[in-house]
Amino acid sequence: MSTLFKSLFFSALFVFISCQQDKANAQEYFANSSSSNIRKLGSGCNIFRGKWVYDASYPLYQASTCPFIDQQFNCQKFGRPDQSYLKYRWQPFSCNLPRFNGLAFLEKMRGKKILFVGDSLSFNIWQSLSCMIHSSVPQAKYTIEQGYPHSEITFVDYGVKLLLYRTTYIVDIVQENIGRVLKLDSISSGDAWLGMDVLVFNSWHWWVHTGRDQPWDYVQDGTGVHKDMNRLVAFYKGMTTWARWVNRNVDPSKTKVFFQGISPIHYEGKDWGAPSKSCAHETEPFFGTKYPAGTPMSAVVVNKVLSRIKVPTYLLDITLLSQYRKDAHPTVYSGGRNSLDCSHWCLPGLPDTWNQLFYSALLS
């Protein structure tokens with residue numbers, strides 16, 4: 001990337017933050033420069049554009065019968081009184097999604113290893129996929145090992161391993177004399193991601209945390225060390241480091257690479273046209289034709305990085321369809337926590353649709 005382009009790119013991000021009226025122009029610039037083949041299946045159908053429809057046959061499984069759900073996602077167990085959020089199915093405008101078939105999934109992925117790399121949203125989708133498979137093939141033997149950063153569920157008879165590697169930023173945080181340093185150009189844990197048949201990466205949730213929730217004290221960019229920096233710029237630099245890692249370490253003839261798109265939050269009702277609300281007490285999706293908040297700039301940054309990556313990488317473009325689901329968060333029904341959770345998602349729930357999209361992509 002040329003020095004001139006870097007300057008223009010970072011200037012555009014800073015302009016976005018300081019001057020909201022430039023948002024549409026910045027989004028159009030980055031959207032036009034992104035590669036369309038990271039969004040579409042071979043048929044040309046864009047499975048990420050559609051609407052939510054009520055389907056009485058949903059959910060795909062029951063929380064009470066899945067042995068894998070963490071308490072922070074088990075909304076029914078912890079008292080959520082409504083169930084309508086469980087009954088919505090994603091319907092693309094120009095095609096139909098295949099219904100998830102766990103046996104077909106296990107047969108297709110027989111002997112293979114699928115690794116989800118990222119933060120708690122990776123944890124969310126990993127547990128969802130495990131529940132969907134278990135519900136389809138309840139007699140299939142499994143083993144489970146949970147730890148940090150590595151967890152693993154194996155469906156023994158098929159040799160299918162669903163692995164999880166928890167990392168808040170993908171790039172490194174290192175304890176040094178000055179404190180905890182977020183290193184935007186360093187990935188030291190990548191050896192644990194090698195040898196996989198499918199890699200599904202995710203990042204963004206932690207890049208905006210501040211105060212006591214911020215797990216670093218300084219950020220290092222090249223040789224420069226800063227107390228803080230623009231978070232979108234930092235995210236772009238970190239994801240560029242990730243893209244270089246993929247280019248250097250992934251053989252596309254052996255490994256399929258996915259990026260789990262930006263998962264939205266619903267703390268501010270103004271995002272969907274209800275300024276006095278949050279996700280608390282929401283029981284229906286947003287049914288409008290255009291989501292008022294528009295495309296988050298973090299998703300625009302992801303598109304820019306993926307448009308320049310050399311190894312074929314499929315974007316699970318879950319952002320817009322998830323923005324519609326203001327009703328699908330744990331809210332206060334999250335394992336006894338006292339805080340409002342408008343970031344993660346109930347299981348069963350929205351991540352099951354993410355996995356149906358993942359399933360479609362693997363079958364295509």
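Numbering of residues begins at 1 and proceeds along the displayed sequence.
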Using the ring of Y85 (Phe, Tyr or Trp, six-membered ring only), decide whether R80 places NZ or CZ under 6.0 Å from its centre and within 45 degrees of its axis. yes
Applying side chain to side chain contact (heavy atoms under 4.5 Å, CB included), can you list everything that pairs with H205, at least two apart in sequence or on another chain? D119, S120, L121, H209, S343, H344
Hey, do the aromatic rings of F259 and F201 have their centres closer than 6.0 Å? no
Once rounded to the nearest 0.5 Å, what's the spacing between atom CG of L362 and atom CZ of F105? 6.0 Å
Measuring only between side-chain heavy atoms, which start at C-beta, is R325 closer than 4.5 Å to L321? no
Taking the six-membered ring for Trp, are W90 and Y324 parallel (under 30°), tilted (30 to 60°) or perpendicular (over 60°)? tilted
Within-4.5 Å side-chain heavy-atom neighbours: F116 and I125: yes
ring-ring contact (aromatic ring centres under 6.0 Å, His included) against Y158, all qualifying residues, sequence neighbours excluded: none
Mind checking whether V117 and N202 have side chains closer than 4.5 Å, heavy atoms only? no
CZ of R110 to CG of D197: how many Å apart, nearest 0.5 Å? 14.0 Å
Quick check: closest heavy atoms across Y165 and S189, and the distance to 0.1 Å? OH-CB, 3.1 Å
When you check the side-chain N and O atoms of T241 and R244, is any donor under 3.5 Å from an acceptor? yes
Do you know which two heavy atoms are closest between R99 and S57, and how far apart they sit? NH1-OG, 3.5 Å
So if you build clusters from Ile, Leu, Val, Met, Phe, Trp, Tyr with side-chain heavy-atom gaps below 4.5 Å, do L103 and I133 land together? yes
F73 backbone acceptor or donor facing D70 side chain under 3.5 Å: no
Under a 4.5 Å side-chain heavy-atom rule over Ile, Leu, Val, Met, Phe, Trp and Tyr, are I114 and V156 clustered together? no
Please tell me whether I187 and L182 are part of a single hydrophobic cluster in this structure, the criterion being side-chain heavy atoms less than 4.5 Å apart. yes
Note: C75 and P330 closest approach over all heavy atoms is SG-CA, 3.5 Å
Could you tell me whether the side chains of W345 and S263 share a donor-acceptor contact shorter than 3.5 Å? yes
For a 4.5 angstrom cut-off between non-hydrogen side-chain atoms, does W245 reach V250? yes
Mind checking salt bridge (Lys or Arg N to Asp or Glu O under 4.0 Å) for D185 and listing every partner two or more places apart, or none if nothing turns up? none
Taking the side chain as C-beta and beyond, is there a heavy-atom pair between V301 and L232 under 4.5 Å? yes
Kindly say whether I262 contributes a backbone atom to a donor-acceptor pair with the side chain of T319 at under 3.5 angstrom? yes
Distance, nearest 0.5 Å, that separates CG of L129 from CD1 of I153: 8.5 Å
Test side-chain contact (heavy atoms from CB on, under 4.5 Å) applied to W206 and I173, step by step: CA-CA 12 Å; W206 281 90; I173 296 178; over 6 Å; no
Could you state whether Y218 and F235 fall into the same hydrophobic cluster, counting links through intermediate Ile, Leu, Val, Met, Phe, Trp or Tyr residues with side-chain heavy atoms under 4.5 angstrom apart? no
What side-chain donor-acceptor pairs closer than 3.5 Å can you find for residues 269-289, not counting sequence neighbours?
{"from": "K270", "atom 1": "NZ", "to": "E268", "atom 2": "OE1", "distance (Å)": "3.1"}
{"from": "S278", "atom 1": "OG", "to": "A280", "atom 2": "N", "distance (Å)": "3.3"}
{"from": "E282", "atom 1": "OE1", "to": "K326", "atom 2": "NZ", "distance (Å)": "2.5"}

Kindly determine whether F78 and V332 satisfy side-chain contact (heavy atoms from CB on, under 4.5 Å), including the steps that lead there. CA-CA 9 Å; F78 289 98; V332 296; over 6 Å; no
Do N355 side-chain atoms and F358 backbone N/O form a donor-acceptor pair below 3.5 Å? no
Linking I/L/V/M/F/W/Y whenever their side-chain heavy atoms sit closer than 4.5 Å, directly or via other members, would Y291 and V53 fall into one cluster? no
Closer than 3.5 angstrom, by distance alone: can the side chain of S135 be matched with the main-chain N or O of C131 as a donor-acceptor pair? no
Any donor-acceptor N/O pair, W126 side chain to L162 backbone, under 3.5 Å: yes
Stepwise side-chain contact (heavy atoms from CB on, under 4.5 Å) check, D191 with L194: CA-CA 5 Å; D191 286 351; L194 301 176; 3.9 Å; yes
Roughly how far, to the nearest 0.5 Å, is CG of L320 from NZ of K290? 11.0 Å
If you draw the axis of the six-membered ring of F123, does the NZ or CZ of R166 fall within 45° of it and under 6.0 Å from the ring centre? yes
Would you check if the side chain of Q220 reaches a backbone N or O of G222 as a donor-acceptor pair within less than 3.5 Å? yes
Show your reasoning for whether salt bridge (Lys or Arg N to Asp or Glu O under 4.0 Å) applies to K87 and D55. CA-CA 5 Å; K87 298 293 185 179; D55 189 330; over 6 Å; no
When you compare the side chain of V160 with that of K112, does any pair of heavy atoms fall below 4.5 Å? no
Can you give me the closest heavy-atom contact between V257 and V311, atom names plus distance? CG2-CG1, 4.2 Å
Residues 60-68, side-chain donor-acceptor partners within the protein, below 3.5 Å, at least two apart:
{"from": "Y61", "atom 1": "OH", "to": "D352", "atom 2": "OD1", "distance (Å)": "2.8"}
{"from": "Y61", "atom 1": "OH", "to": "D352", "atom 2": "OD2", "distance (Å)": "3.4"}
{"from": "T65", "atom 1": "OG1", "to": "Q62", "atom 2": "O", "distance (Å)": "3.0"}

Using only heavy-atom distances, determine whether the side chains of R89 and Q91 contain a donor-acceptor pair under 3.5 Å. yes
Plane angle bin for Y314 and F258 - parallel if under 30°, tilted between 30 and 60°, otherwise perpendicular: tilted
Does the side chain of I265 come within less than 4.5 Å of H329's, by heavy atoms? no
Contact summary for T313 and I309, nearest pair of heavy atoms: OG1-CD1, 3.6 Å
When you measure from the side chain of D341 to the backbone N and O of S334, does any donor-acceptor pair fall under 3.5 Å? no
So, T240 side chain and Y236 main chain: donor-acceptor pair closer than 3.5 Å or not? yes
How close do N247 and K310 get, heavy atom to heavy atom, and via which atoms? OD1-N, 3.0 Å
Does N249 reach the side chain of W193, with side-chain heavy atoms less than 4.5 Å apart? no
Does the side chain of T154 come under 3.5 Å of the side chain of E152 through a donor N or O and an acceptor N or O? yes
How far does CG of L357 sit from CD1 of I47, to the nearest 0.5 angstrom? 4.5 Å
Would you check, one step at a time, whether the test side-chain contact (heavy atoms from CB on, under 4.5 Å) holds for Q356 with S360? CA-CA 6 Å; Q356 283 190 281; S360 293; 5.6 Å; no
Backbone of K183 reached by a side-chain donor or acceptor of S186 within 3.5 Å: no
With R180 via salt bridge (Lys or Arg N to Asp or Glu O under 4.0 Å) - residues at least two apart: D217
Name the orientation class of the two ring planes belonging to W207 and Y169 (parallel below 30°, tilted from 30 to 60°, perpendicular beyond 60°). perpendicular
Can you tell me how far CZ of R231 sits from CH2 of W204, rounded to the nearest 0.5 angstrom? 9.0 Å
Test your reading of the model: is there a side-chain donor-acceptor pair from Q323 to the backbone of G294, 3.5 Å cut-off? yes
